[in-house]
Number of protein chains: 2
Amino acid sequence: MQTPTELAAAYRSQGRKLTPQRQLLFHLMHGNDKHPTAESLFAEASAQMPGISLRTVYQTLNELAEMGELQFIDIGGGATRFDPNLDDHHHVVCVDCGQIRDVHVNGTAALKPVGIEDFTINEVGVVFQGVCSTCEKSRAKSNKTAHAKSPAQQAKVSK
Amino acid sequence: MQTPTELAAAYRSQGRKLTPQRQLLFHLMHGNDKHPTAESLFAEASAQMPGISLRTVYQTLNELAEMGELQFIDIGGGATRFDPNLDDHHHVVCVDCGQIRDVHVNGTAALKPVGIEDFTINEVGVVFQGVCSTCEKSRAKSNKTAHAKSPAQQAKVSK
DNA sequence: AACCTAATTAGCAAGTCGTGCGAATAAGAA
DNA sequence: TTCTTATTCGCACGACTTGCTAATTAGGTT
Ligand SMILES: [Mn+2]
Ligand SMILES: [Mn+2]
Ligand SMILES: [Zn+2]
Ligand SMILES: [Zn+2]
């Protein structure tokens with residue numbers, strides 16, 4: 001995703017209006033590597049601009065996606081995540097806490113799909129599933145104390 | 001996923017009851033490579049067993065997943081898809097019609113993630129995105145006639 | 001600076017997908 | 001056949017996202 005300033009120019013050149021809501025979201029998303037959901041962005045935005053609506057957050061994210069400024073990430077589970085990182089990269093998901101981290105992957109060009117001669121392939125996505133070091137620690141702890149695993153956020157899993 | 005007969009044995013040995021609803025779903029899922037949604041399975045099931053409930057379809061799919069007999073697939077878009085294929089395989093999605101096809105991928109072992117030393121990786125999933133030959137044809141046609149693209153089912157896309 | 005108008009916002013209704021709940025039903029043991 | 005308990009089914013509800021529209025506002029015009 002471009003910088004807020006560049007986006008401002010892009011918006012103007014397309015006849016779109018530069019509202020304070022949009023500018024705030026530009027700032028919140030620019031360089032953001034947290035892969036936030038619409039709701040979490042809404043929470044951050046609300047802190048700086050009480051009254052902004054969740055609807056506007058969704059609208060702005062959708063228009064940025066249409067403009068090619070960000071991508072949607074659907075790795076199962078609940079809400080769609082938004083990614084302003086347009087570099088060629090992939091993702092790692094912690095199945096415990098649900099966090100998504102960027103990862104560069106070497107070897108994707110060597111991937112050879114077998115049995116889909118009738119498809120024209122445009123993109124390849126790689127998703128690693130694992131457990132982050134933080135969750136690994138709390139796992140060890142709960143093993144010792146035999147605590148129940150927190151029913152909090154859990155990333156549903158696909159292969 | 002095991003055969004309906006094998007599943008019957010597995011169910012009995014676990015103290016689960018063998019209902020006609022479950023047996024029907026065993027048959028509908030066994031060897032099914034369509035990656036159906038709960039709704040589409042429900043439609044098929046309803047044809048053979050009018051009155052079966054969508055709730056029961058969800059329940060049975062969830063328990064089969066818990067038993068490790070099938071996996072969930074979430075590739076963005078709408079509903080979760082269910083996959084009885086437990087072999088090591090990956091998927092291709094047609095971004096036009098949304099169909100998901102199995103694909104074996106050579107080279108996954110050579111994939112080298114960079115920058116996630118703090119993760120313990122358990123699984124790797126590869127998703128190819130493209131256009132199937134059928135959709136490719138209808139695309140060519142609509143290009144010539146300048147028709148609008150069908151607003152039908154469209155697979156949302158993630159990377 | 002006041003004005004115009006189309007774009008945008010905010011809020012609520014509605015749609016989709018999936019789960020919690022509980023009364024009615026039925027599998028399978030006794 | 002009877003009994004116990006798992007299961008089914010229907011409905012309400014929750015999470016997430018979009019449709020709709022009246023009110024507001026950005027930004028160009030006078
Ligand atoms: Mn990313
Ligand atoms: Mn499959
Ligand atoms: Zn974690
Ligand atoms: Zn297709």
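As the structure is a computational prediction, the values presented were derived from the model and not from experiment. Lettering of chains follows the sequences in order, A, B, ..., and the numbering in each one begins at 1.
Atoms SG and CZ, from C132(B) and R101(B) in turn, are 7.5 Å apart once rounded to the nearest 0.5 Å. Between S40(A) atom OG and R81(A) atom CZ the span is 7.0 Å, to the nearest 0.5 Å.
Side-chain nitrogen and oxygen atoms of T80(B) include at least one within less than 4.0 Å of the OP1 or OP2 phosphate oxygen of dG18(C). A close approach under 4.0 Å does occur between a side-chain nitrogen or oxygen of Y58(B) and OP1 or OP2 of dG18(C). The phosphate of dA10(C) (OP1 or OP2) has a side-chain N or O of T56(A) nearer than 4.0 angstrom. Residue T19(B) places none of its side-chain N or O atoms closer than 4.0 Å to OP1 or OP2 of dT7(D). Between dT8(D) and R22(B), a contact under 4.0 Å exists linking OP1 or OP2 to a side-chain N or O.
Contact annotation for E39(B): no contact, since no heavy-atom pair falls under 4.0 Å across all strands. Nucleic acid contact for Q21(A): sugar-phosphate only, since backbone atoms but no base atoms lie under 4.0 Å from a heavy atom of the residue.
Atom C1' of nucleotide dT5(D) and atom CD of Q14(B) are separated by 17 Å, given to the nearest angstrom. Between R16(A) atom CZ and dT25(D) atom C1' the separation is 17 Å, expressed in whole Å. Look at CZ on R81(A): it is 11 Å from P on dC16(D), rounded to the nearest Å. Spacing between atom CZ of R55(A) and atom C1' of dC16(D) amounts to 12 Å, rounded to whole angstrom units. Here dT9(C) presents its C1' atom at 15 Å from CG of L18(A), a figure rounded to the nearest Å. Atom-to-atom, CG of D74(A) to P of dT16(C) comes out at 18 Å; the value is rounded to the nearest Å.
Y11(A) places a side-chain heavy atom less than 4.5 Å from the side chain of E63(A).
For the pair G15(B) and L54(B), nearest-nucleotide mapping onto DNA chain D gives the more 5' position to G15(B). The residue among Q59(B) and Y11(A) whose nearest nucleotide of DNA chain C is located toward the 5' end is Y11(A).
Distances were taken from every side-chain heavy atom of A79(B) (C-beta onward) to each of dC9(D), dT17(D), dG18(C); the shortest belongs to dG18(C).
For dG28(C), the base has no donor-acceptor partner in the side chain of R12(B) [N/O atoms by modelled type, under 3.5 angstrom]. Residue-to-nucleotide contacts include a donor-acceptor pair under 3.5 Å from the side chain of K17(A) to the base of dA6(C).
Under 3.5 Å, the side chains of E136(A) and T120(B) contain a donor-acceptor pair of N or O atoms. For the residue pair H35(A) / N85(A), no side-chain donor-acceptor distance below 3.5 Å is found, with atom types taken as modelled.
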